[in-house]
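Down below is the structure, laid out as structure tokens.
What you see is a predicted model, and the numbers here were worked out from it, not measured in a lab.
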Amino acid sequence: MIARRDFYNRNAVQVAKELLGCFLVREYKGKITRAMIMETEAYRGEYDLASHASKGKTARTEIMYGVPGHAYIYMIYGMYFMLNVVTEEKDFPAAVLVRGIKILEPGSRSKVKIGGPGKLTRHLHINKALNGHDLAMGRKLWIERPRNKKRLKISKSPRVGIDYARHCKEWKWNFKIEHETGEILA
DNA sequence: AGCACGATCTGA
DNA sequence: CAGATCGTGCTA
């Protein structure tokens, strides 16, 4: 089931937790890749010093102030793209960064784990051309909610790579799937 | 117009 | 631990 817009129109911290176990789906050159979301991070409000929106609305961050359910993609360190999902009501800047996925290879039973936000976008051919893309459309890039999401053990930690964020750096807005018990169905 | 640095990753 | 590599926001 493709996540509807109201799924995204909620508190970014809540959406970050609920995105775990969901499927990030990428259609590229006619091929569809389905990846389970394993790690996320929330960035919420201008008061969050770790968020790009802490500098206010600019050309880059405008998308975070927009309609929920759109992709916020930016380049970092001159070579990596970060994939974020815009959350919360229009005019409130918030997004969820996807930091880790697991790909269920079609046919084989092997699962490829991809940790790291820069690596997963490279693997899925996600770049700035998809910035602003509407994930609720179910085209090119979208998110599907699993049928059953039982017994997910989720761990909370401080967010990665934001030492500059003063008191905000200790907020435990990073979420990871620790164990999966049982199979999650698409 | 110039500058410092980043929600990262890789290889030594 | 340094290097890659460039868009962005800040200062002037």
Q: Using the six-membered ring wherever Trp is involved, compare the ring planes of A:Trp171 and A:Trp173 and label them parallel, tilted or perpendicular (cut-offs 30° and 60°).
A: tilted
Q | Geometric cation-pi criterion A:Arg145 and A:Phe7, 6.0 Å radius, 45° cone | A | no
Between the main-chain N or O of [Y] and the side-chain N or O of [X], is there a donor-acceptor pair closer than 3.5 Å?
X       : Y       : answer
A:Arg5  : A:Pro68 : yes
A:Tyr65 : A:Lys57 : yes
A:Arg34 : A:Leu24 : no

Q: Determine whether A:Glu39 and A:Leu120 make a side-chain contact, defined as any pair of heavy atoms from C-beta on separated by less than 4.5 Å.
A: no
Q. Under 4.0 Å between a Lys/Arg side-chain N and an Asp/Glu carboxylate O for A:Glu41 and A:Arg159?
A. no
Q) Is any side-chain N of the basic residue among A:Glu178 and A:Lys153 closer than 4.0 Å to the acidic one's carboxylate O? A) no
Q: Anything under 4.0 Å to a heavy atom of chain A counts; send over the first and last such nucleotide of DNA chain B, read 5' to 3'.
A: B:dG6 to B:dT10
Q) Would a hydrophobic clustering, with Ile, Leu, Val, Met, Phe, Trp and Tyr connected at side-chain separations under 4.5 Å, put A:Tyr47 with A:Val13? A) yes
Q.
Could you see if A:Ile37 belongs to whatever hydrophobic cluster contains A:Leu97? Use Ile, Leu, Val, Met, Phe, Trp, Tyr and a side-chain cutoff under 4.5 Å.
A. no
Q. Counting any heavy atom closer than 4.0 Å, what does A:Leu97 reach on the DNA or RNA strands: base, sugar-phosphate only, or nothing?
A. base
Q: Taking Watson-Crick and G-U wobble pairs with both distances under 3.5 Å, convert DNA chain B into its dot-bracket string, 5' to 3', dots for unpaired and | for cross-strand pairs.
A: ||||||.||||.
Q: For each nucleotide in nucleotides 3-12 of chain C, reading 5' to 3', give B when a protein heavy atom comes within less than 4.0 Å of its base, S when such contact involves only the sugar-phosphate, and - otherwise.
A: -BBBSSSS--
